[in-house]
Amino acid sequence: MAERTPWSLSGALRGMFAKKTIDEETWDDLEAALIMADFGPDITDEIMDDLRDNVERHRTTDPADLKRMLRETLEERFSRLNSTLTLSNRPAVVLVVGVNGVGKTTTIGKFAKFLRNFDRSVLVGAADTFRAAAVEQLATWTERGGAQIVRPQHEGQDPASVAYQTVEKAQREGYEIVLIDTAGRLQTKAGLMDELSKIRRVVEKLTPIAEVLLVLDATTGQNGLAQAQAFVQHAGVTGLVLTKLDGSARGGFVLAVQEQTGIPIKLIGQGEGIRDLTGFTPHVFVQNLVG
Ligand code: GDP
Ligand code: GDP
Ligand code: MG
């Protein structure tokens with residue numbers, strides 16, 4: 001992962017950590033680096049205060065100490081929520097939700113691959129039934145991921161009905177994990193939320209839902225956060241997936257989104273390849289971020 005972290009702070013921090021001592025310029029540079037990384041003004045202020053206190057308490061002037069403290073502070077904050085996926089139910093049903101274009105379908109293919117690497121059997125449900133092309137795209141990604149798919153029986157079939165049939169088949173045939181793709185655009189936001197509620201209600205006739213993963217495009221910054229709120233309020237979201245962290249995204253956004261929604265990040269996508277999805281491990285993430 002280390003070879004492609006465009007969101008890393010380390011470039012911006014290199015100069016300040018190369019110096020012999022911590023001075024006012026160090027603090028200015030650090031603040032600028034955190035703002036550039038999209039932590040947002042509030043989190044940046046809190047981190048700066050924490051670090052100033054710490055540096056004072058330890059009476060250090062060594063930039064290497066400051067770097068270590070920065071890592072510790074960030075890791076502590078990234079770890080406040082539990083990033084573990086809850087997939088122990090059989091079948092474990094995962095609903096994947098989010099607006100159009102964020103990467104839901106791609107994520108399902110990558111997630112299937114990720115689970116197949118742990119020898120889990122995976123069944124994918126094509127509950128985005130609006131366009132035949134959406135089903136075909138999902139079928140392609142499902143095949144890449146080494147999983148099986150349940151397609152709608154006809155174009156425009158009730159998404160809840162496809163979800164139901166998928167879970168029913170998984171129960172009948174003993175699949176361990178079910179991943180349900182959903183639509184990201186309906187005429188109205190209320191319509192979309194109603195559709196998602198209906199899918200949940202119908203699936204829950206068969207089994208509890210293990211995870212509702214909200215996919216967010218990390219390159220959209222604060223915009224993406226605004227979109228997230230409707231899902232967080234109405235779709236029972238249990239985890240976030242941040243995609244496109246290989247793009248122009250800033251690593252600090254990851255913390256901002258977790259703290260503002262109060263929902264843990266569980267997966268991160270860093271590319272368009274089938275293997276470009278990993279779990280979210282604060283320690284590793286912060287190592288890559290700070291260097
Ligand atoms: P959906 O509408 O939410 O289902 O989104 P798609 O899965 O169709 O993805 C929309 C676009 O984003 C596609 O071109 C994907 O290849 C791209 N995409 C998804 N995830 C990533 C990622 O992690 N990195 C990059 N660079 N592109 C991604
Ligand atoms: P309603 O359409 O608002 O009345 O919602 P329902 O809870 O009745 O069902 C929504 C969809 O899920 C329906 O279109 C059905 O296809 C599907 N569904 C719900 N319950 C069952 C069931 O027991 N068997 C099957 N095969 N499908 C079901
Ligand atoms: Mg899609």
Side-chain angles (χ1 to χ4, degrees), residues 81-98 103-130 134-135 138-139 141-143 145-154 156-184 186 191-215 230-241 261-267 277 279-280:
L81 301 177
N82 183 358
S83 296
T84 314
L85 287 158
T86 309
L87 299 175
S88 43
N89 201 26
R90 288 293 172 262
V93 179
V94 179
L95 279 191
V96 178
V97 305
K104 291 181 296 300
T105 301
T106 316
T107 294
I108 286 179
K110 295 184 213 170
F111 194 21
K113 178 75 181 176
F114 178 98
L115 293 163
R116 296 292 297 132
N117 288 342
F118 291 95
D119 260 341
R120 296 285 164 271
S121 54
V122 180
L123 186 62
V124 168
D128 179 359
T129 62
F130 261 12
V135 176
L138 181 66
W141 275 98
T142 300
E143 198 181 335
Q148 310 301 312
I149 188 171
V150 172
R151 296 160 181 264
Q153 282 153 334
H154 53 86
Q157 182 183 346
D158 180 358
S161 160
V162 178
Y164 187 95
Q165 283 162 2
T166 308
V167 175
E168 215 181 24
K169 178 180 165 82
Q171 290 179 324
R172 201 168 55 236
E173 299 181 13
Y175 283 89
E176 295 169 287
I177 315 279
V178 175
L179 307 178
I180 310 256
D181 195 18
T182 64
L186 285 186
L192 177 56
M193 296 308 145
D194 285 350
E195 180 170 299
L196 295 176
S197 312
K198 183 171 171 186
I199 292 175
R200 283 169 59 201
R201 179 163 45 77
V202 168
V203 167
E204 281 167 353
K205 289 183 184 178
L206 296 171
T207 187
I209 290 179
E211 293 270 5
V212 179
L213 298 180
L214 172 62
V215 181
F231 289 92
V232 168
Q233 282 161 18
H234 302 291
V237 177
T238 58
L240 304 176
V241 181
T261 58
I263 295 176
I265 292 158
K266 299 201 168 172
L267 293 168
L277 186 82
F280 181 65

Q: Please step through side-chain contact (heavy atoms from CB on, under 4.5 Å) for the pair V122 and F111, ending with a clear verdict.
A: CA-CA 10 Å; V122 180; F111 194 21; over 6 Å; no
Supply the atom-to-atom distance [X] [atom1] to [Y] [atom2], rounded to the nearest 0.5 angstrom.
X    : Y    : atom1 : atom2 : result
L213 : K104 : CG    : NZ    : 12.5 Å
R200 : K205 : CZ    : NZ    : 15.0 Å
Q171 : L206 : CD    : CG    : 5.0 Å

Apply side-chain hydrogen bond (donor to acceptor under 3.5 Å, both in side chains) to [X] and list each qualifying residue two or more places apart in sequence or on a separate chain.
X    : value
T84  : N82
T238 : E211
T105 : D181
E173 : K169

Indicate yes or no: at least one non-hydrogen side-chain atom of [X] is less than 4.5 angstrom from one of [Y].
X    : Y    : result
F231 : L196 : yes
V124 : L138 : yes
V97  : L192 : no
W141 : T107 : no
K198 : D194 : no

**Q.** Pairs touching residues 145-154 that satisfy salt bridge (charged side-chain N to carboxylate O under 4.0 Å, His left out), sequence neighbours left out
**A.** E136-R151
Ignoring hydrogens, what is the shortest heavy-atom contact between [X] and [Y]? Give both atom names and the distance.
X    : Y    : result
A126 : P152 : O-CG, 3.7 Å
I265 : S83  : O-OG, 3.0 Å
L179 : A112 : CD1-N, 3.9 Å
I263 : L81  : C-CD1, 3.6 Å
V93  : I209 : O-CG2, 3.6 Å
L214 : G98  : CD1-CA, 3.8 Å

Q: Could you go through the side-chain contact (heavy atoms from CB on, under 4.5 Å) check for L87 and V94 one step at a time?
A: CA-CA 8 Å; L87 299 175; V94 179; 3.6 Å; yes
Q. Which pairs count as side chain to side chain donor-acceptor pair (under 3.5 Å) when at least one residue sits in residues 108-129, sequence neighbours excluded?
A. S121-E176
Q: Give a yes or no on this: more than 12 heavy atoms of other residues, nucleotides or ligands lie within 6.0 Å of atom CD of E204.
A: yes
Q: Please assess Y175 against R90 for the test side-chain contact (heavy atoms from CB on, under 4.5 Å), listing each intermediate value before the final yes or no.
A: CA-CA 8 Å; Y175 283 89; R90 288 293 172 262; over 6 Å; no
Q: Test I199 against every option in T182, V212, V162 by the side chain to side chain contact (heavy atoms under 4.5 Å, CB included) rule and name the one that passes.
A: T182
**Q.** Test side-chain contact (heavy atoms from CB on, under 4.5 Å) applied to V167 and V202, step by step
**A.** CA-CA 10 Å; V167 175; V202 168; over 6 Å; no
